[in-house]
K.L.:
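Starting off with a structure, shown below.
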Amino acid sequence: MVKKVLKFGGTSVGTTERIQHVAKIIEKEQSLGNKIIAVVSAMAGKTNDLVKLSKEISEEFNKRELDVLLSSGEQVTCGLLSGALIKLNVQAKSWLNWQIPILTDGEHTNARILNIHIEKINKYLDHGGVAIIPGFQGISKFGDITTIGRGGSDATAVAIAKIFNASTCEIYTDVDGVYSTDPNKIPVAKKIDKISYDEMLELSSLGAKVMQSSAVQTAMMYDIPLEVRSTFTDRKGTKIFSQENIDYTKSVTGVAYSKDDAKITLIGVEDKPGVAANIFEPLSKAQINVDMVIQNISSDQKTTDITFTVKRGDVSKTKQILKKNSNINYKKIIENDKVAKVSIVGAGMVSTPGVTYRMFRALSDEGINILAISTSEIKLSVIIEEDNTLKAIKKLHTIFDLD
Ligand code: ADP
Ligand code: ASP
Ligand code: MG
């Protein structure tokens, strides 16, 4: 008997018809002799609607109460899916985060799963039941409801697979696997049969929301193989596992993009030791994540310009902190929040010379200006004007033979 974790995303449980379809998938898996734990998201769009409601009350809605509100979407789908299974005469039961409990650590809206109590649920599985668990949430040591970051049901599924020692963790979604880029934006995108944790982690962190990045990180850390597959077709999905199992024929595996970046430039900053630390220390204390940093060479040895990128939502807070910072001198701040980050990712890049130059040439052929660059062993990211995003993705997809 094999224990399986099956995670169903928002579109997969977006209507009662779809929930009944998901119940049939579970019924079939169970009839094959498997023990099933299903993790569900809220219905597609529900969590966004709840965020909107909170904003109608306050832009600075209390975070503890925001978690109480946001976690409710998954309660609805848990109840509906259990009910749909029971209607099919499958023994099923839902557990809410506090009933299990799923223990978390860290701040509200961005908590982290620490542990999950397994005895009750294991006993239920042993007696032939299907356990339905809400994704995206837990309970803190103070007994407060927490959520673990948007897209967090993936992370719940991986944590459950680890703590319950499941044999597989299958991520059911609205596409039939991980593609070379978002298939809903670039129709010629190709499905990837297997991909390493490292590459998937880069793709997710750089904007491919098909898997949440912290879920991939946990899977990589504990070597939990994942499979991304479709709720709506029987086609084989994408396997995500450790690198040794993968044969690289291509230098670039995928192209990712994110549109929630912004670029800030400090003009005329003093060019002396300690200045960069003085700029970035207060930002880091305020939990602002600085992504790329570029410092220009100073022509007069006295002043220089420093450019960096942050998430768009952090721009006004960043500017406030810079303006209040008495440890730095500069002439002015320029911002551009209409930028996007486009990245190529591939474990094969390490062994292929010329990838960097080919990317830059391709973008210049399209008349696209590069505003900032950052690299690692397996990824190359550039910041460009947001309007050029689609053109850049298409071009890179083509020149790296991904169409
Ligand atoms: P779920 O609600 O099932 O968690 P998500 O909306 O979070 O689903 O993720 C699936 C979506 O991810 C797809 O509909 C697709 O538009 C998007 N996506 C972005 N990049 C990729 C990629 N490289 N491969 C597949 N899907 C991608
Ligand atoms: N419902 C949550 C969200 O929309 C979690 C998830 O779907 O993974 O972010
Ligand atoms: Mg998702």
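Numbers here simply count residues along the sequence, with the first being 1. Numbering of ligands and ligand atoms starts at 1, following listing order.
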K.L.:
Considering Ser41, Gly152, Gly10, which one's heavy-atom position lies nearest to atom 7 (O) of ligand 2?
P.N.:
Ser41
K.L.:
Which ligand 1 atoms does Thr173 reach within 4.0 Å, using its non-hydrogen atoms?
P.N.:
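Within the 4.0 Å cut-off of Thr173, ligand 1 contributes 1 (P), 3 (O), 8 (O), 10 (C).
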K.L.:
Under a 3.5 Å distance rule, please check whether Ser54 uses its side chain to pair with a backbone N or O of Leu66 as donor and acceptor.
P.N.:
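Not a single qualifying donor-acceptor pair exists.
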K.L.:
Using a 4.0 Å cut-off to any heavy atom of Thr181, which atoms of ligand 1 qualify?
P.N.:
22 (C), 23 (N)
K.L.:
I need the nearest protein heavy-atom contact for atom 14 (O) of ligand 1: residue, atom name and distance, please.
P.N.:
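Going by distance alone, atom 14 (O) of ligand 1 is nearest to Asp174 OD1, 2.9 Å.
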K.L.:
What atoms of ligand 1 come within less than 4.0 Å of a heavy atom belonging to Val178?
P.N.:
24 (N)
K.L.:
Does only the side chain of Glu74 get under 4.0 Å from ligand 2, or the backbone, or both, or neither? Count heavy atoms.
P.N.:
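Glu74 to ligand 2: side-chain contact only, backbone stays beyond 4.0 Å.
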K.L.:
Show the atoms of ligand 1 that are less than 4.0 angstrom away from any heavy atom in Pro183.
P.N.:
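Answer, ordered by atom number: 24 (N), 25 (C), 26 (N), 27 (C).
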K.L.:
With a cut-off of 4.0 Å, which atoms of ligand 1 are near a heavy atom of Asn184?
P.N.:
13 (C), 14 (O), 15 (C), 16 (O)
K.L.:
Keeping Lys7 on the side-chain end and Val39 on the backbone end, is there a donor-acceptor pair under 3.5 Å?
P.N.:
no
K.L.:
For the 3.5 Å polar cut-off, considering only N or O atoms, please tell me whether Gly151 and ligand 2 meet it.
P.N.:
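Checking ligand 2 against Gly151, an N or O pair does fall under 3.5 Å apart.
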K.L.:
Tell me whether Lys120 contacts the main-chain N or O of Gln99 through its side chain, where contact means a donor paired with an acceptor under 3.5 Å.
P.N.:
yes
K.L.:
Only heavy atoms count here, so choose which of Val210, Thr11, Thr238, Asp154 is nearest to atom 12 (O) of ligand 1.
P.N.:
Val210
K.L.:
Testing the basics here: between Asn325 and Ile279, what is the closest heavy-atom pair and its distance to 0.1 Å?
P.N.:
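So the minimum-distance heavy-atom pair works out to ND2-CA, 4.2 Å.
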K.L.:
Closest non-hydrogen protein atom to atom 7 (O) of ligand 1, residue and atom name please, with distance?
P.N.:
Lys209 O, 3.4 Å
K.L.:
Between the side chain of Ser230 and the main-chain N/O of Thr233, is any donor-acceptor distance below 3.5 Å?
P.N.:
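Side chain of Ser230 to backbone of Thr233, a donor-acceptor pair under 3.5 Å: yes, one is there.
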K.L.:
More than 12 foreign heavy atoms under 6.0 Å from NZ of Lys394: is that the case here?
P.N.:
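No, NZ of Lys394 has 12 or fewer neighbouring heavy atoms, counting only those of other groups under 6.0 Å.
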K.L.:
Does Gly268 offer a backbone N or O that forms a donor-acceptor pair with the side chain of Asp305 under 3.5 Å?
P.N.:
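Checking the backbone N and O of Gly268 against the side chain of Asp305, a donor-acceptor pair under 3.5 Å is found.
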K.L.:
Taking Thr238 for the side chain and Asp193 for the main chain, is one N or O donor matched with an acceptor at less than 3.5 Å?
P.N.:
no
K.L.:
Does Gly177 have a non-hydrogen atom less than 4.0 Å from ligand 1?
P.N.:
yes
K.L.:
Examine distances only and state if a side-chain atom of Asn62 and a backbone atom of Arg64 form a donor-acceptor pair shorter than 3.5 Å.
P.N.:
yes
K.L.:
Students should be able to answer this: which protein heavy-atom is nearest to atom 21 (C) of ligand 1, and at what distance?
P.N.:
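Closest protein heavy atom to atom 21 (C) of ligand 1: Asp182 CA, 3.6 Å.
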K.L.:
If you count the atoms of ligand 1 from 1 in the order shown, which ones are under 4.0 Å from a heavy atom of Lys7?
P.N.:
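Listed by number with element, the hits are 4 (O).
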K.L.:
Please list the nearest protein heavy atom to atom 4 (O) of ligand 2 with its residue and the distance rounded to 0.1 Å.
P.N.:
Arg150 NH2, 3.0 Å
K.L.:
Regarding Thr304 and Asp271, is there a side-chain donor-to-acceptor distance under 3.5 Å anywhere?
P.N.:
no
K.L.:
Do Thr389 and Lys259 come within less than 4.5 Å of each other through their side chains, counting heavy atoms only?
P.N.:
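With C-beta onward as the side chain, the pair touches.
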K.L.:
What atoms of ligand 1 come within less than 4.0 Å of a heavy atom belonging to Tyr179?
P.N.:
22 (C), 23 (N), 24 (N), 25 (C)
K.L.:
Just to confirm my output: which protein heavy-atom neighbour is closest to atom 2 (O) of ligand 1, and how far is it?
P.N.:
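The closest one turns out to be Gly10 N, 3.0 Å.
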K.L.:
Would one find an N or O of Lys7, backbone or side chain, under 3.5 Å from an N or O of ligand 2?
P.N.:
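In fact, backbone or side chain, Lys7 has no N or O that close.
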K.L.:
For atom 6 (C) of ligand 2, what is the nearest protein heavy atom, given as residue, atom name and distance?
P.N.:
Ser153 OG, 3.3 Å
K.L.:
Mind checking whether Phe232 and His21 have parallel, tilted or perpendicular rings, split at 30° and 60°?
P.N.:
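Judged by the thresholds at 30° and 60°, the geometry between Phe232 and His21 is parallel.
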